[in-house]
Every structure is written in structure tokens, then in C-alpha cells.
Trainee: 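Provided herewith is a single structure, encoded as C-alpha cells, for subsequent inquiry.
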Amino acid sequence: MAADSTQTMNTIANEQAQVDALIARARIAQQRYALGADQARFDMAALAAAWALMEPARNEALSRQAVEQTGLGNVQDKMTKNHRKTLGLLRDIADVPTVGVIREQAELGLTEIARPIGVVGAVVPSTNPAATPANNVINALKCGNAIILSPSPKGVEVCAVLLDHIHAEFDKLGIDHDLVQMVPAPSSKVKTQRLMEAVDLIIVTGSQDNVRRAYESGTPAIGVGAGNATVIVDETADLAMAASRIAASKTFDNATSCSSENVVIVVRSVLEDFLKEMHAVGGRCLNEQQAEAVKSALFDQGHLNRHMIAKDIDVFLKVAGVDVAEPETARFVVLPGDAVGAAAPESGEKLSLALTLYVVDDFEAALEKTAEVLHFQGAGHSVGLHSRDDARARHLGETLPTCRIIVNQAHCFATGGSFENGLPFSLSMGCGSWGGNSIDSNLHYRHFMNITRIVRPIAAREPTVDEVFDQYWAVAGR
């Protein structure tokens, strides 16, 4: 036993030393990178990392490798995701100053100076083994940082190839490879934990266990919450458009996105017409027997069945042992919903081509059901609304525990930023206090920098007590 214990301790120490060596090299590289830097240097490095993924041949090869090695998603959609998410990010940061003085407020005597954070650690998921690390790398470099990636076990080889491409682009510009590194294979909790504890900022997307560990590491941390996107279709909605958008989003990359619809809540008066539209776009509503077969297979002993997660619909149905009408045009299945909570796992995130549908009497009942779902899983992340009544979006935003209300859009395309909405492009959505997160916005470049403020004296702006309390005294008296 003593020998086994010593061997274990030695293994842990060796793994920690590997990570420590990466960080030491990253610190040297980052200090050289940021010393006397101008905006052009940071921008060119960010563009180099972006082209490493966006170059069409590399994008296709990485997408194929990702599907082969993780078993998640499909190649064409991963290529689209890699391209559009990276292109959108580049649009967002193109003219953003991240070096030196970035803001002057003469009337307040304030000058704001952008400063790098230092060495960033990023824990990235197997669902997006190229797009998410690239997003983090681009943001880190844009703001003058070094970054060390910690991929999930299934995504290690994809991340390693992406890193090789980044370094090849760096060579064209004379940029130090040590600015972007990854924790060496094989992945382990020891290595990830050491990274979390030793860097200057840790970014975590994916496992909620990793998010909790990051917050407990003692390092400033940004983690994102669990998804369980819930969408309302009310009686005013354009039903054909709603069904089309839901289908496009639900099936994209075989539902690997945390923003893929998991629950749809439909007002009863339009149910029949909505289901016809869903059928037309490939949604197959299951009867009770079919639904029980899918649930029994998908929620295997309390865990999602890896043989069904993010698989093509024919594979999904075969594993479940279910036949559906017009299988040649089927794209996803619709489970009838009743209860919500741990005893009804279909009310939670499914990471598969399965959608749960609840029927309610009116919009207020839809709001109540949505709140019930979010309190079970997905609080803070996002809610969708298909409606012609924009006032209802405001009502949801003022009522529900969520950071995003996505109106009349395909949810997974919209939540992480889109060319058709104003959110910043990101693959990591903060869920605020409702989701146990430190941010309530999409992760973006601003989270990768510090700001130093020069504060100068100005003419006094002190109000009188009468000016401050005048309205209060008029109501409550002195």
C-alpha cells in the first residue's frame, strides 16, 4: 500500500510540474508580447489564430477529426460553426482598442488604460473542440495575454492539431509559440486543477463540475451555466416560421449546442396547426409508447446515453428501437411533456435530437411552465419566444430568471451572437447569479483585460442635503 501511495504522489507531482513548466514559459512569452506593444501586434496575433481555424482546408479537416474522435455532431455543421463564430468574433473586435489609453473623460478627470491579465487558462468542452478554444485564444491575444488550453479527454487530439495550425501562422509573423499552449495529453483532473490554481484567470465552458472547481480554485474565474433552452410558441406566432427556426436550431450539429432547444411550450389553441408545421420540417411527434422507449434508452440509469447524444437521427432512433412515420424526412423527435423535475428527465437538457413539448392554456400559463423548467435546470441561460406581441418579450425579461430572451429566432444561432442580432459572438454564455455565474453576458474580449484608471481632481460636485432628500421628504416628511 505504501508503495502504491508513493507512486500516486509521484504521478501527481509530475503532472503538476508539467503544468507549472507551461505556465512559466507562458509568463515569459506574455511579458515579451506585451512589452511596448501596439494595437497592430495584438490584432495580427488574433488574426493569425483565427486564420488557423478558418482556412477552409484546415476547417474541414478539424471538423472531420472532431466528429470522428468525439462522436458528437456532424462535419458540415461544425465547419459552419467554426467559420461563422470566428468570423463574427473578428467583426466584433476589429476596431476595439485594447492597448494603452482606451478612454478619456476629461469632465470627470478620468483616463482608462487597457492592461493584459497575464496568463489565461481555458477549460474547453468536447462539444466544440475547435471553435471554443479558438474563440478563447483570439480574445486572449487581442488583449495581450498568453493562454493555456485544457481540452476535454475526447477533444485533446483536435486541440493539438489546432495548436499546430496556430503555431504555423505564428511562424509567419515571428510570434512566440509559448503564447498559446495546451495541457499535454493525457488529460487529468490533476493537471486541470493545477492550471486553475496557477494562472491569472480561468475560463471554463462545459462541465458544471469544472465550473465549480474553477470558482473554488482561488483564481479569478469565469464559468458558464448549464443550458436547457426553453421556447414559448404563443397564439400570435407565425407557426410555419417558428417551426422552421426551431427545427434548424434543434438539428444543427446534432444538438451539441447548450443553446439548442430542449423544451417547447405551446399555447393550446394553436397546437394542432403547430404540430402540422413541425411535421413538415421533420419533427416527429411520438405517441406514449414510442416516447417511453426513447426515454428509457436516452436516460440510461440516470445518465444520458452516449450512443444517442449528438448522433444522427437514424442512429438515435435505432438505439431507441423506435420507428417513426416518414423516416426518410425525419430530423428530430418530439416527446410529450407532463411533469417537470428530476423524476421527469425529459424536462432537462438532452444534448440530442429530442425535444420535449408541453401544452398550456395561455401565455401566462406558458410563463409559469417556463419558470418551472428553469428552476429545475437552465436558470440564467436563455428563453425563446415566438410571438407577434413584443410586449410579451418585455414581460418575460422582467419576470423569468434568465439573462437572454431570444425573440423570433433560431435559438442556437442567436444566443451566442448572430449577424442578425446585437449580441457579441461567443460560445460561452454567462448565466448570472441565477446560474451560479460571475457574468451575465456572453463571454467576450472585455473579460480578458484589466483596466487601470488615472483619477485627477475636478471641480467639486457635492450636492446639498436638501437636493438629495427633497422628493423623499415630500412623501415621507422629515
Side-chain angles (χ1 to χ4, degrees), residues 71-73 226-233 242-243 246-247 249-252 254-258 260-268 270-361 365-366 368-378 384 411:
L72 304 173
N228 189 25
T230 301
V231 178
I232 296 171
V233 179
I246 290 169
S249 174
K250 182 63 195 174
T251 59
F252 185 77
N254 289 350
T256 55
S257 171
C258 62
S260 173
E261 287 87 341
N262 276 279
V263 170
V264 172
I265 300 170
V266 183
V267 172
R268 192 179 308 278
V270 297
L271 175 63
E272 185 175 347
D273 289 338
F274 177 67
L275 292 182
K276 290 179 181 177
E277 298 292 351
M278 289 282 273
H279 187 90
V281 295
R284 296 294 177 262
C285 297
L286 304 185
N287 60 35
E288 184 176 343
Q289 183 179 3
Q290 292 171 320
E292 285 304 316
V294 166
K295 288 188 285 187
S296 177
L298 182 58
F299 307 109
D300 183 23
Q301 299 181 351
H303 300 282
L304 288 171
N305 187 336
R306 64 184 178 89
H307 300 294
M308 298 174 78
I309 294 174
K311 301 298 184 184
D312 293 341
I313 188 61
D314 57 336
V315 175
F316 179 95
L317 292 172
K318 183 177 181 180
V319 174
V322 169
D323 295 320
V324 297
E326 302 174 43
E328 65 280 0
T329 56
R331 301 172 66 197
F332 62 101
V333 299
V334 181
L335 306 171
D338 181 20
V340 174
E346 67 274 14
S347 62
E349 188 172 31
K350 292 171 280 295
L351 288 174
S352 63
L353 296 176
L355 185 67
T356 303
L357 184 142
Y358 295 87
V359 183
V360 295
D361 290 333
E368 293 173 6
K369 180 63 72 173
T370 301
E372 186 180 0
V373 171
L374 295 184
H375 282 120
F376 166 55
Q377 189 179 91
H411 207 88

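Keep in mind that the numbers below use all heavy atoms, side chains included, and drop hydrogens, waters and symmetry copies.
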Trainee: Listing request: all side-chain hydrogen bond (donor to acceptor under 3.5 Å, both in side chains) pairs with a residue in residues 329-343, at least two apart in sequence or in separate chains.
Mentor: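 Checked against side-chain hydrogen bond (donor to acceptor under 3.5 Å, both in side chains) - neighbours excluded - the pairs reaching residues 329-343 are Thr251-Arg331, Arg284-Thr329.
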
Trainee: On a heavy-atom basis, which atom in Ala247 and which in Phe332 lie closest, and how many Å separate them?
Mentor: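 It is CB-CE2, 3.6 Å.
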
Trainee: Nearest 0.5 Å please: distance from the CG atom of Asp312 over to the NZ atom of Lys318.
Mentor: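 So the CG of Asp312 and the NZ of Lys318 are separated by 12.5 Å.
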
Trainee: Could you state the interatomic distance from CG (Asn262) to OG1 (Thr230), rounded to the nearest 0.5 Å?
Mentor: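 Output value for this atom pair is 7.5 Å.
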
Trainee: Side chains of Met278 and Leu355: does their closest heavy-atom pair fall under 4.5 Å?
Mentor: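 Yes, side chains in contact.
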
Trainee: Is a donor on one side and an acceptor on the other found under 3.5 Å between the side chain of His279 and the backbone of Leu275?
Mentor: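 Here the side-chain-to-backbone pair does not exist.
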
Trainee: How many angstroms lie between atom OH of Tyr358 and atom CD1 of Ile232, to the nearest 0.5 angstrom?
Mentor: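 Those atoms lie 13.5 Å apart.
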
Trainee: Hey, is CZ on Arg306 packed in by over 12 heavy atoms from elsewhere, all under 6.0 Å?
Mentor: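 Not buried by this count: 12 neighbours or fewer within 6.0 Å.
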
Trainee: Given side-chain contact (heavy atoms from CB on, under 4.5 Å), test Phe316 with Val294 step by step and report yes or no.
Mentor: CA-CA 9 Å; Phe316 179 95; Val294 166; 3.8 Å; yes

Trainee: If the test is side-chain hydrogen bond (donor to acceptor under 3.5 Å, both in side chains), which one of Glu261, Glu346, Lys350 qualifies with Thr356?
Mentor: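 Checked Glu261, Glu346, Lys350 against Thr356; only one passes side-chain hydrogen bond (donor to acceptor under 3.5 Å, both in side chains): Lys350.
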
Trainee: Counting heavy atoms not belonging to Gln301, are there more than 12 under 6.0 Å from its CD?
Mentor: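 No, CD of Gln301 has 12 or fewer neighbouring heavy atoms, counting only those of other groups under 6.0 Å.
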
Trainee: Atom CG in Leu72, atom OG in Ser352: separation rounded to 0.5 Å?
Mentor: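 If I round to the nearest 0.5 Å, the distance is 11.5 Å.
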
Trainee: Do other residues, nucleotides or ligands put more than 12 heavy atoms under 6.0 Å from the CG atom of Asp323?
Mentor: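 Incorrect, the count does not exceed 12.
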
Trainee: With a 4.5 Å heavy-atom cut-off, do Phe376 and Val263 have their side chains touching?
Mentor: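 Not touching, per the 4.5 Å side-chain cut-off.
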
Trainee: Give me the atom names and distance for the closest heavy-atom approach of Ser249 to His411.
Mentor: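 Ser249 and His411 have their closest heavy atoms at OG-N, 3.5 Å.
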
Trainee: How long is the straight-line distance from CG of Leu351 back to OG of Ser257, given to the nearest 0.5 Å?
Mentor: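 Interatomic distance, Ser257 OG to Leu351 CG, rounded to 0.5 Å: 9.0 Å.
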
Trainee: Would you name the heavy atoms of Val319 and Ala297 that are closest together and state the gap between them?
Mentor: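 Closest approach of Val319 to Ala297, heavy atoms only: O-CB, 4.2 Å.
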
Trainee: May I ask you to test the Val233-Val267 pair for a side-chain heavy-atom distance under 4.5 Å?
Mentor: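 A side-chain contact under 4.5 Å is absent here.
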
